[in-house]
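See below for the structure under consideration.
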Amino acid sequence: MLRAEQVTDAVAYHGEGPCWSPTWGGLRWVDMLAGDLLTLRDDGAVDRLHVGDVAAFVRPRSRGGYVVGLERGIGLAESPDGTPTPQPELWSDTGVRMNEGGCDPWGVLYAGSMAYDARPGGATLYRITPGGDVEVVLDDVTISNGLDFSPDGTRAYYDDTTTGRTDVFDVVERRLTNRRPFFSGADESPDGLTVDSAGNVWVALNGDGRVRCVSPAGEVLAEVEVPVRLTTACTLGGPDLRDLYIATSRENLDDPEPEAGALFRVRVDVPGRPVLPYGG
């Protein structure tokens, strides 16, 4: 069992969505319900940028700047530290918010939602092209969470947390098809995920204080222990992309650990890949 080390103080109430990109100087993640982007600087300081009522995820844009998930849509910024411009809302229901997102190898953004009360079937997974065209990919989701692609772009892995499992899609002609179960544990809540350069899937297990690494064949390769129950998401970064960064939360906890809301890190053997940017 690997053990993660604490990198920051407990700076977030609901830390989520870590993403490594040289365009903003390294590691950025969100304090989701505060509506803030958090950026880890070289000296260990954490910069905070308020972008809206909710900041659900962040990814770089291929043209510069970033895309951020806002409460009911996305925002686009022209520079790494600029303020995003909200785009047209994707839905009007104030009981639903954006929750997680990720990009495919062709610059398309997949963004998923959840109901504030986590009602079954209350969420949707959207596909947003670089030109801004939007379509529904899945419309019977409860908590749309991590999504990432295999290195060769032929598979996509996805978590709808309340199913208790990670699913896999085939990617055919740049579309997600043939959804099926990939890996499930016992009474677990898979949250954010990332895929490394060997195609292994790293999944944050929310409520269990762990991150699990599973091979493309479904074999458990490693687990990382975190001293916080609410491990929400992970990404690979650092100069050689071998630092696994893990975001944590203290959302709705009556007795949060002192470290809940901190960012954690552990060294791993297999490096990650450069983050897939949004083409819009």
Side-chain angles (χ1 to χ4, degrees), residues 1-2 4 17-22 27 57 59-60 62 100-110 112 125 127 137-138 144-161 163-185 188-206 208 210-226 231-247 265-279:
M1 177 82 73
L2 300 172
C19 180
W20 180 274
S21 175
L27 197 282
F57 62 84
R59 290 292 186 278
S62 57
E100 181 61 288
C103 298
D104 74 11
W106 306 280
V108 173
L109 174 67
Y110 289 82
L125 179 65
R127 182 180 188 269
V137 179
L138 300 172
S144 188
N145 251 311
L147 186 146
D148 201 3
F149 290 76
S150 62
D152 63 4
T154 63
R155 282 179 149 195
Y157 299 92
Y158 175 65
D159 287 339
D160 178 359
T161 295
T163 66
R165 67 175 190 267
T166 298
D167 287 348
V168 61
F169 293 85
D170 294 322
V171 183
V172 179
E173 296 181 350
R174 304 187 180 184
R175 298 285 181 153
L176 306 189
T177 64
N178 191 27
R179 180 183 179 182
R180 58 200 183 276
F182 169 66
F183 188 91
S184 61
E188 293 176 344
S189 297
D191 200 327
L193 63 79
T194 192
V195 179
D196 67 26
S197 58
N200 305 312
V201 185
W202 297 80
V203 182
L205 301 175
N206 197 330
D208 286 347
R210 286 181 296 144
V211 176
R212 175 183 291 137
C213 179
V214 181
S215 76
E219 177 188 0
V220 176
L221 300 179
E223 289 195 343
V224 180
E225 184 179 63
V226 183
T231 45
T232 59
C234 56
T235 195
L236 286 155
D240 59 2
L241 298 178
R242 287 181 53 217
D243 291 325
L244 183 75
Y245 287 93
I246 304 163
R265 177 178 58 203
V266 66
R267 291 286 285 172
V268 299
D269 293 334
V270 178
R273 304 165 295 151
V275 62
L276 297 170
Y278 177 46

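Worth knowing before you read on, the calculation uses all heavy atoms, side chains too, and leaves out hydrogens, waters and symmetry mates.
Each of Asn206, Leu205, Val211 was checked for a side-chain contact (heavy atoms from CB on, under 4.5 Å) with Asp208, and the lone residue meeting it is Leu205. The only option from Val270, Leu244, Asp243, Val195 that meets the side-chain contact (heavy atoms from CB on, under 4.5 Å) definition with Leu236 turns out to be Leu244.
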Candidate pair Leu2 and Glu225, rule side-chain contact (heavy atoms from CB on, under 4.5 Å), full reasoning:
CA-CA 6 Å; Leu2 300 172; Glu225 184 179 63; over 6 Å; no
Working note: Trp202 + Val224, criterion side-chain contact (heavy atoms from CB on, under 4.5 Å); need CA distance, chi angles, decisive distance, verdict.
CA-CA 10 Å; Trp202 297 80; Val224 180; 4.1 Å; yes
Run the side-chain contact (heavy atoms from CB on, under 4.5 Å) check on Val275 and Trp20 step by step: do they pass?
CA-CA 7 Å; Val275 62; Trp20 180 274; over 6 Å; no
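In terms of the side chain to side chain contact (heavy atoms under 4.5 Å, CB included) criterion, residue partners of Phe169 (sequence neighbours excluded) are, by chain and number, Leu138, Ala156, Tyr158, Leu176, Arg179. Arg265 is linked by a side-chain hydrogen bond (donor to acceptor under 3.5 Å, both in side chains) to Glu5, Tyr245, counting only residues two or more places apart in sequence or in another chain. Qualifying side-chain hydrogen bond (donor to acceptor under 3.5 Å, both in side chains) partners for Asp170, counting only residues two or more places apart in sequence or in other chains: Asn178, Arg180.
Atoms OG1 and OH, from Thr194 and Tyr157 in turn, are 12.0 Å apart once rounded to the nearest 0.5 Å. To the nearest 0.5 Å, atom CD of residue Glu188 and atom CZ of residue Arg210 are 5.0 Å apart. Atom-to-atom distance recorded for Thr232:OG1 and Glu100:CD is 8.5 Å, nearest 0.5 angstrom. For the atom pair Cys19 SG and Leu276 CG, the distance stands at 9.5 Å (nearest 0.5 Å).
Looking at Arg155 and Asp148, no side-chain N of the basic residue comes within less than 4.0 Å of a carboxylate O on the acidic one, giving no salt bridge. Under 4.0 Å is where a charged nitrogen must lie from a carboxylate oxygen, and between Arg267 and Asp240 at least one such pair does.
In terms of heavy atoms, Ser62 sits closest to Pro277 at N-CB, 3.8 Å. The two residues Leu27 and Pro18 have their closest heavy-atom pair at CD2-CB, 4.2 Å. Residues Val203 and Asp191 come closest through the heavy atom pair CG1-N, 4.3 Å. Across all non-hydrogen atoms, the minimal contact from Leu221 to Ser215 is CD1-CB, 3.8 Å. Taking every heavy atom of both residues into account, Phe149 and Leu147 meet most closely at CE1-CD2, 3.3 Å. Of all heavy-atom pairs spanning Leu125 and Ser144, the tightest one is CD1-OG, 3.8 Å.
Looking only at atom types and distance, the side chain of Arg127 has a donor-acceptor partner in the side chain of Tyr110 under 3.5 Å away. Of the N and O atoms on the side chains of Thr166 and Asp159, at least one donor lies less than 3.5 Å from an acceptor on the other residue.
Checking side-chain atoms of Arg242 against main-chain N and O of Val268 turns up a donor-acceptor pair under 3.5 Å. Between the Asp160 side chain and the Thr163 main chain, no donor and acceptor come within less than 3.5 Å of each other.
The shortest distance between side-chain heavy atoms of Val108 and Cys103 does not fall below 4.5 Å. Pro271 has its side chain within reach of Ser197: a pair of non-hydrogen atoms, C-beta onward, lies under 4.5 Å apart. Residues Arg273 and Asp196 form no side-chain contact, since every pair of their non-hydrogen atoms from C-beta on lies 4.5 Å or further apart.
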